[in-house]
Amino acid sequence: MPSVLGLIERREARARQELKLPHSSGAVEGNINRLKMLKRQMFGRASLDLLRKRVLLAR
């Protein structure tokens with residue numbers, strides 16, 4: 001049981017620290033999500049060149 005309490009305390013400390021920071025990684029996460037979606041859609045359909053063009057046009 002002490003290990004569970006220690007884990008909860010560490011997570012709480014990390015969450016409090018993140019709330020103090022003035023920046024967010026939301027924009028980066030959105031770009032990663034968009035790229036993963038395009039990659040899934042293009043899987044097995046075309047070459048790397050076409051995937052690269054699709055990524056650049058999707059912006």
Side-chain angles (χ1 to χ4, degrees):
M1 194 61 142
S3 63
V4 173
L5 293 176
L7 177 65
I8 292 172
E9 288 175 352
R10 286 192 304 271
R11 286 187 178 179
E12 179 186 8
R14 186 179 303 150
R16 288 184 187 276
Q17 186 64 28
E18 287 177 3
L19 291 173
K20 292 179 183 178
L21 296 174
H23 63 276
S24 171
S25 62
V28 174
E29 293 294 332
N31 282 330
I32 291 171
N33 189 29
R34 181 181 59 83
L35 290 173
K36 285 182 178 182
M37 180 200 59
L38 286 171
K39 186 177 175 183
R40 279 188 216 108
Q41 287 177 346
M42 298 295 289
F43 181 76
R45 294 186 183 191
S47 65
L48 184 60
D49 291 331
L50 187 58
L51 176 61
R52 183 179 297 122
K53 288 178 185 177
R54 176 110 189 245
V55 167
L56 293 174
L57 290 175
R59 288 184 151 201

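Keep in mind that the numbers below use all heavy atoms, side chains included, and drop hydrogens, waters and symmetry copies.
For residues 30-44, no pair satisfies salt bridge (Lys or Arg N to Asp or Glu O under 4.0 Å), with sequence neighbours left out. For residues 4-17, every residue pair satisfying the side-chain hydrogen bond (donor to acceptor under 3.5 Å, both in side chains) rule, not counting sequence neighbours, is listed here: Glu12-Arg16.
Scored by the side-chain hydrogen bond (donor to acceptor under 3.5 Å, both in side chains) test, Asp49 finds Arg52 as partners (sequence neighbours excluded). Under the rule for a side-chain hydrogen bond (donor to acceptor under 3.5 Å, both in side chains), the partners of Arg54 that lie at least two apart in sequence or sit in another chain are Gln41.
In the hydrophobic clustering, where aliphatic and aromatic side chains (Ile, Leu, Val, Met, Phe, Trp, Tyr) are joined below 4.5 Å either directly or transitively, Leu48 groups with Leu35, Met37, Leu38, Met42, Leu50, Leu51, Val55. Residues near Phe43 contribute nothing to a hydrophobic cluster around it, because no ILVMFWY side-chain heavy atom sits closer than 4.5 Å to its side chain.
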